[in-house]
Amino acid sequence: MMRATLKPLPVLLLLAMAAPRALAADDFYGTKEPFAKESVYFVLTDRFVNGDPSNDHRDQGGAHRTFDLPVPGAPEGQSDNVGYLGGDFRGVVNNAGYIRDLGFTSVWVTPIVDNPDQAFTGGEAIKWGGMFTDRGKTGYHGYWGINFYKLDEHLPSEGLDFAGFTRAMKEQKLDVVLDIVTNHGSPAYSMPTMQPQYGKLWDRDGTLVADHQNLDPDRLDPRRKRLHAFYNTQGGLAQLSDFNEHNPAVLEYLAGAYEQWIDQGAAAFRVDTIAWMPHAFWKRFADRMRQKRPGFFMFGENFNYDAASIAGHTWQRNGAYSVLDFPLKAKLVEVFEKPGSDFAELGKALYLEDGPYANPYDLMTFYDNHDMARMNASDEGFIDAHHWLFTARGIPVIYYGSETGFMRGTAEHAGNRNYFGQDRIDAAPGSPIFAPLRRIAQLRRDTPALQRGLQLNVRLKGDQAVFYRVLQHEGINQTALVMLNKGDKATRVSVSDYLQQGEWRDAFTGRAQRVRNRLEADVPAHGVRVFLLDAPVTRADTRARLAELMERKSPKAD
């Protein structure tokens, strides 16, 4: 048996004696963040299910329609689309039971604000597999806002505006995470002829407050022209209108809009392109949101695989945002796309001790989404990835369709955002990926230690991962022992390191066994075993190691 790296026992005992406060408090936890109990199913709303064809607006756009626009150049048998395809609030609500039964507790939806009613005529022509090629593309995704106070017309149905949507989801025991944008609006320049909505911005009263006027950013004159003052003059991503983070009116406009959506039931925010605005802006924005709703949870997208670069967003002085865990994402893809890979690679991105994050347990963990190629794994690779995501530290996020391996390996403009649809949802339980995901997601939903527990690794090596999650806080005393096997053959796993004596029960079957010095279990190929002990930790070296992990999990919080 391979043992975790430990200090000699006398040193551990000295540590235990030297830290009476931590041990006497009996307080061991990864995080106290309430949102950590959640697991998130991410839908690109227009691509999920068309629940109400009456809001499709198939005649919109004039000569260049906005509905159903296939990307040219698709290889035989493949497709992608840059038009609207009809997904809406009704389609999500109609399938809330499906999402909940999968074990999820929250649904992240793409931005809901009003987008232009035409396809964009500027930029580079859309092409198969082409990133940042937007000519001919519509705002089906929601990220091209022109009025942040107004709901886009493709989403609601009668009696189901955003407030009605969040109520309906809450009735089905699901919270709604709203995707928000603050650094840009719609594409704003390079159009052959200026279009009536692109590059413009309206307020809650329908008053025009900003207009790019189809000018390149360096031709804007914000000092003399009021309608240019919302925008930066250096340009940003693609041809998007880039908001001026130094203009107080920009913050006031955006904060007012997103306070409105909180009032209508948004339970948390996912913050798009957080790196494009400075920390000072985000601190002011966070203060506004949490004045409206104390403790409001937000997580940002900084598309960066360097932990030190993205960690700054998590610090209190910068607004205390969580972030999507890109460094771990890179390792997840490396491990679960490739048979024979080493679980040890994941340990390099956990940062359980002396890492840069305010708290690594609050990070959003994922292996793909709409902005990158979907994970190109076998069915077994997806199963193994889900077993990890729903037992290890962090808050799991799964992109729609991943429960069946939908469009695996495809990037944007090559199938990543294809329409899922009711037929695929109805057929999803037949996928080999589906039932194992449901099983492990439901277990996490019902197991506090897997949601918020401190992670103590026993070994991450080869095809095996063995670790504890320990939650001893506010009357909860629970330890989960997790055994993962991503190999093609069943294996017998034996654990004695840090193992506490007591009555452990199988988390899936409920069968109990009395354990003294060793717990052994057969773990199926591409399988998971979880054992639970509902008792305080009393073993001295375990308590000392947990105390050390508590002390070192957030050394750079501020």
Side-chain angles (χ1 to χ4, degrees), residues 3-38 295 316 350-355 357-363 391-395 443-458 466-483 495-507 512-519 530-558:
R3 290 184 175 271
T5 301
L6 297 175
K7 297 179 179 180
L9 184 59
V11 175
L12 285 170
L13 293 175
L14 286 172
L15 176 60
M17 291 185 290
R21 180 186 60 79
L23 298 180
D26 281 337
D27 237 13
F28 302 128
Y29 55 85
T31 178
K32 294 187 285 186
E33 169 56 55
F35 196 82
K37 72 179 185 300
E38 306 292 329
Q316 187 69 37
L350 289 178
Y351 297 102
L352 300 180
E353 297 178 79
D354 303 330
Y357 303 108
N359 190 338
Y361 292 86
D362 293 340
L363 303 186
T391 56
R393 75 102 173 110
I395 305 168
L443 181 65
R444 185 187 188 278
R445 180 195 63 196
D446 300 333
T447 309
L450 296 181
Q451 301 165 5
R452 298 185 286 120
L454 204 62
Q455 181 164 338
L456 194 169
N457 292 331
V458 176
V466 180
F467 53 87
Y468 297 95
R469 299 293 304 278
V470 181
L471 180 61
Q472 194 160 293
H473 181 64
E474 293 184 340
I476 297 175
N477 295 293
Q478 186 177 75
T479 297
L481 171 59
V482 178
M483 302 174 178
V495 179
S496 58
D497 293 351
Y498 301 116
L499 185 69
Q500 173 143 331
Q501 295 185 13
E503 188 169 284
W504 291 77
R505 58 186 171 87
D506 187 304
Q513 59 178 306
R514 188 71 188 173
V515 173
R516 295 192 64 186
N517 301 319
R518 185 176 302 274
L519 194 157
V530 179
F531 296 91
L532 300 176
L533 178 67
D534 295 310
V537 178
T538 58
R539 179 167 161 165
D541 64 335
T542 308
R543 287 169 61 89
R545 181 68 178 124
L546 292 170
E548 185 179 31
L549 288 168
M550 285 290 293
E551 182 69 21
R552 297 174 63 180
K553 69 181 176 181
S554 306
K556 299 178 181 178
D558 262 322

What are the two closest heavy atoms between [X] and [Y], and how far apart are they?
X	Y	value
K553	Y29	NZ-O, 2.6 Å
S554	A358	OG-O, 2.6 Å
G30	N359	O-ND2, 3.0 Å
R452	A36	CG-CB, 3.8 Å
V515	R518	CG1-O, 3.5 Å
P536	N477	N-CB, 3.7 Å

Say you draw a straight line from [atom1] of [X] to [atom2] of [Y]; how long is it, rounded to the nearest 0.5 Å?
X	Y	atom1	atom2	answer
L471	F28	CG	CZ	11.5 Å
Y361	I395	OH	CD1	13.0 Å
I476	Q451	CD1	CD	8.5 Å
T391	R444	OG1	CZ	9.5 Å

The criterion is side chain to side chain donor-acceptor pair (under 3.5 Å); which residues satisfy it with [X], sequence neighbours excluded?
X	result
T31	D362
E38	T105, S106
E33	none

- Message: Using the rule given for side-chain contact (heavy atoms from CB on, under 4.5 Å), can you reason through D506 versus Q513, listing the C-alpha separation, both sets of side-chain angles and the distance that settles it, and then say yes or no?
- Response: CA-CA 8 Å; D506 187 304; Q513 59 178 306; over 6 Å; no

- Query: side-chain contact (heavy atoms from CB on, under 4.5 Å) between T479 and T542: does it pass, once the steps are laid out?
  - Reply: CA-CA 11 Å; T479 297; T542 308; over 6 Å; no

Quick one: does [X]'s side chain get under 4.5 Å of [Y]'s, heavy atoms only?
X	Y	answer
V470	Q478	no
Q472	L454	no
V458	L499	no

- Carefully, step by step, assess E353 and L549 under the rule side-chain contact (heavy atoms from CB on, under 4.5 Å). CA-CA 6 Å; E353 297 178 79; L549 288 168; 3.5 Å; yes

- Parallel under 30°, tilted from 30 to 60°, perpendicular over 60°: which one fits the rings of Y351 and Y357?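 The arrangement is perpendicular - the two ring planes meet at more than 60°.
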
- Task: Any chance you could lay out the side-chain contact (heavy atoms from CB on, under 4.5 Å) test for Y468 and L533, step after step, and finish with the verdict?
- Result: CA-CA 11 Å; Y468 297 95; L533 178 67; over 6 Å; no

- Item | The single option from E548, R469, R545 passing side chain to side chain contact (heavy atoms under 4.5 Å, CB included) against L456 |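 The single option meeting the side chain to side chain contact (heavy atoms under 4.5 Å, CB included) with L456 is R545.
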
